[in-house]
Each structure stands twice: as C-alpha cells, then as structure tokens.
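Shown next, in structure tokens, is the structure this report addresses.
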Amino acid sequence: MTSEDKKFEELLIDFLSGDISSENQQQLSDLLNSNNELKVRFDEMLKLHAISMVPAIESGKQANYATLIDRIKSTPTTNRSDSRFSSVRNIAASFVFIISLSLALIYGYRDLTTPSDTAFSYETFSPEGSQTKIILPDSTIVWLNSASTLKYSRAYGIKNREVTLVGEGYFEVASLAKRPFVVRTGALSVNVLGTVFNVRAYNEDDNVTVNLMKGSVNLKIPGSESDQLHTMKPNDQLVFNKLTRKIELSQTDASRSALWTTGRLSFVDATFDQISRDLERKYDVIIQIADNTIKSEVFSGSIDMNLSLKEVLTYIDVDKKFAIHQHGDTLLIERKK
C-alpha cells in the first residue's frame, strides 16, 4: 500500500465518521482532484456507507412509530372544540426531528448515485408545526422553522460551504477563515465566515429578511448592476422586497427574530396579515381574514407557541373585536358586529 493510499484511507475514515478537520478536508479534496482512481473509490465508499445507513433508519422509524402509538393511546380524551390542535398533534410533532433527519439521509443516498458533485445530495424539510435542528459536517448549527427546506451538496465542507434555504433558518456558522459559508435564497445570497444570523425567505412572502446577531454578513442581490453588495453588523436588520427590489436597513434587537427556536413567536410592528402566515405554518391551518382593516392592524409582542391557536388569537385580540368561525382546517376571522 502506497503512502498516498494509506493517507486516503485515514482521511476517508475521518470523513465518514464526521470527525474530520477543515485542514484534513482540504487534504482529502486535493487527493481526489489529483487522483481519479481514488475519486472512484471515494464515490463507491460513499454509496456503500449510505446503503448501510438505510436499515438503521428504517428500524428507528419503526421504533419511533411504536412509541408514538403508545403515547397517543395513553393521552386522555378531550371535548374541546378546537380538537384539531389537540395534544395528539403535539405528540406527533415531537417525532418530526428524527423523521426529518431520516429523510435527509435517504435523499442523500439516492443522490449519491448521480455523477455530479454539485447536484444536491442532502435535503431536510421541517414540516408545518415543527422546528428541526441540523448539524452540518463542519459543525455549523442550523435550525429550520416550520415549512422550511435546507439543501446542500455532497461537496459541502470539501469544495464549498454552500446551502440553499427555502423558508426560515437560524444559523450558527462554524468559523473557517479560508472557506466562506453561503446561504442562497431565490432573491439574495448571504456570505459569512463565522457568525450568527436569521434568514426568513418563504417563497410566498414578498420580503426576504436577514437579522444579524453576531459577526459580519455580506449580502449579494443578483440581477442588479454588479450584484449589489451590502455589509451588515450586529443588530442590523435588512429587508429586501422581491417585488419592488427595494432594500431597508435598520437597527433592531436581532435576537428577537430567532425566538421561534425557543418555541415563541415574536413580532415588532407586524401586521395581522403577516402574523397570520406564521400561525398558518405553525398550526397547519388556513386563516381567512374577511376585514381589510383587521389585516392591516399592527401588533408587537411575544407569544408562547405551545398555546392552542384559539388561545394565541385571544392574546392578540386584546380589544375583543374578532369573530372567529372554524370549519375544519379553515378559520374565518371577521370583525364583530
């Protein structure tokens, strides 16, 4: 066995175990780029590793399902009218994290069979009504909010540190001086080295919002002259309107934007129409607001999202002006006559 082969095997073991340093990642990348035979062996080992993970995933899913059924059976019955948001739903949501990670590994296995290193290999989706925590290969921590998706390629940590976000994500980025971390959304990209920030970029929302807690962030907005570059400092909030392409940069308490990771919904001068979208994602419902004056009303506050939807709406409706009618998964909100 040559010294190059021996070094390759050592680096491969570290890579598959997830315990590889940034320096060794670069060494592995250099080896693969210079030796096509090693690259073929690397691809084959990745496929075998993915295959070996599938039985464990399936076994874990079965165990989680059995536990879920036991928990549901032991849950007392309730006669509350809003049973759609009962404790059974909350019990099921507690297993979303494990299931999401299982799906990410399965998607990864499927995409490993494609020849392109740049094709997305890993995808994690956080369903409505849940939050999902992900630890990336470089130890970067990501929280995904309800109805959000994070994608990254199998080249992550070796050739790049790029991810694509649809929805809302909170990032604690591991610092690697020579390898920037990039979050791409449909409207803009966020470039950092090591920092903490929150990005809100749902497809159906008009705005993309970035809040910076620590470090420094450069934002690129494609489609403009030379790709507009904006630098943010801690407690900056940047709001980009996808329709008008206007940018608003302001100072705020950026930490409030990430309170959702602790189970709270925080909003400052937000319209009820904006808040209702968060409630729809959290409680997996459709909210129809019949009165335009209610839509445009502005609220500030912080709400415990462990409350039922009706309790949340009661908290917001301090003036007792809402008339709420529920039909299945749809809530109609009117002004009281």
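Once rounded to the nearest 0.5 Å, the distance linking CD of Gln288 with CD of Glu280 reads 9.0 Å. In this structure, Ile303 CD1 and Leu259 CG are separated by 12.0 Å, a value rounded to the nearest 0.5 Å.
Asn145 and Gln131 share a donor-acceptor pair across their side chains, judged by distance under 3.5 Å alone. When only modelled atom types and interatomic distance are considered, Tyr170 and Glu172 share a side-chain donor-acceptor pair under 3.5 Å. Side-chain contact annotation: Arg184 with Thr164, donor-acceptor N/O pair under 3.5 Å absent. Checking Arg335 against Thr293 by side-chain atom types alone, a donor-acceptor pair falls below 3.5 Å. Counting only N and O atoms by type, the side chains of Asp30 and Gln26 include a donor and acceptor under 3.5 Å apart. Between Glu311 and Thr314, the side chains place no donor N or O within less than 3.5 Å of an acceptor N or O (distance only, hydrogens not considered). For the residue pair Trp260/Glu168, the side-chain donor-acceptor check at 3.5 Å is satisfied.
Without hydrogens or angle criteria, Ser300 side chain to Asp269 main chain gives a donor-acceptor distance under 3.5 Å. The backbone N or O of Ile135 sits nowhere less than 3.5 Å from a side-chain atom of Ser139 that would complete a donor-acceptor pair. Panel note: side chain Asp205, backbone Asn207; no donor-acceptor pair is recorded below 3.5 Å. When atom types are taken as modelled, the side chain of Asp317 and the backbone of Leu313 share no donor-acceptor pair closer than 3.5 angstrom.
Aromatic pair Phe272/Phe322: centroids less than 6.0 angstrom apart.
Two residues are said to be in side-chain contact when any heavy atoms from C-beta on lie closer than 4.5 Å; His325 and Glu334 meet this criterion. By the 4.5 Å heavy-atom criterion applied to side chains, Val210 and Leu219 are counted as neighbours. No side-chain heavy atom of His230 sits under 4.5 Å from any side-chain heavy atom of Phe240. No side-chain heavy atom of Val173 sits less than 4.5 Å from a side-chain heavy atom of Val196. Within the 4.5 Å cutoff, no side-chain heavy atoms of Val285 are placed close to those of Leu279. Side-chain atoms of Ile289 and Asp273, non-hydrogen and from C-beta on, do get closer than 4.5 Å to each other.
Under the 30°/60° scheme for interplanar angles, the aromatic rings of Phe171 and Phe197 are found to lie parallel.
For Gln251, the CD atom counts as densely surrounded, since its 6.0 Å shell holds more than 12 non-hydrogen atoms of other residues, nucleotides or ligands. Around atom CD of Glu10, more than 12 heavy atoms belonging to other residues, nucleotides or ligands sit under 6.0 Å away.
Minimum heavy-atom separation, Ser148 to Tyr202: OG-OH, 3.4 Å. Between Val208 and Ala187, the shortest heavy-atom distance links the atoms CG2-CB, 3.8 Å. The two residues Ile316 and Phe299 make their nearest non-hydrogen contact at O-CE2, 3.5 Å. Between Ala147 and Glu128 the shortest heavy-atom distance is CB-CG, 3.7 Å. Heavy atoms only, all atoms of each residue included: Ala254 and Asn235 are closest at N-OD1, 3.1 Å. Closest of all the heavy-atom pairs between Ala174 and Arg161 is O-NH1, 2.8 Å.
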What's the verdict on salt bridge (Lys or Arg N to Asp or Glu O under 4.0 Å) for Asp253 and Arg256, showing C-alpha distance, side-chain angles and the deciding distance? CA-CA 6 Å; Asp253 179 3; Arg256 291 178 62 94; 5.3 Å; no
Any chance you could lay out the side chain to side chain donor-acceptor pair (under 3.5 Å) test for Thr140 and Asp138, step after step, and finish with the verdict? CA-CA 6 Å; Thr140 290; Asp138 62 346; 3.1 Å; yes
Residue pair Lys321, Asp291: steps toward the salt bridge (Lys or Arg N to Asp or Glu O under 4.0 Å) verdict: CA-CA 11 Å; Lys321 55 181 170 289; Asp291 191 306; over 6 Å; no
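In terms of hydrophobic clustering, with Ile, Leu, Val, Met, Phe, Trp and Tyr side chains grouped at heavy-atom distances under 4.5 Å, Ile286 and Ile294 are assigned to different clusters. Met305 and Phe267 end up in the same hydrophobic cluster when Ile, Leu, Val, Met, Phe, Trp and Tyr side chains are linked at under 4.5 Å. Side-chain heavy atoms closer than 4.5 Å link hydrophobic residues (I, L, V, M, F, W, Y) into clusters, and following such links, even through other members, never connects Ile275 to Val298. Using a 4.5 Å cut-off between side-chain heavy atoms of Ile, Leu, Val, Met, Phe, Trp and Tyr, with links allowed through other members, Tyr156 and Leu193 fall into different hydrophobic clusters. Residues Ile333 and Leu307 fall within the same hydrophobic cluster, defined by Ile, Leu, Val, Met, Phe, Trp and Tyr side chains chained together at heavy-atom separations under 4.5 Å.
Of the residues Asn198, Thr252, Asn211, Thr209, the one that meets the side chain to side chain donor-acceptor pair (under 3.5 Å) test with Gln237 is Asn211.
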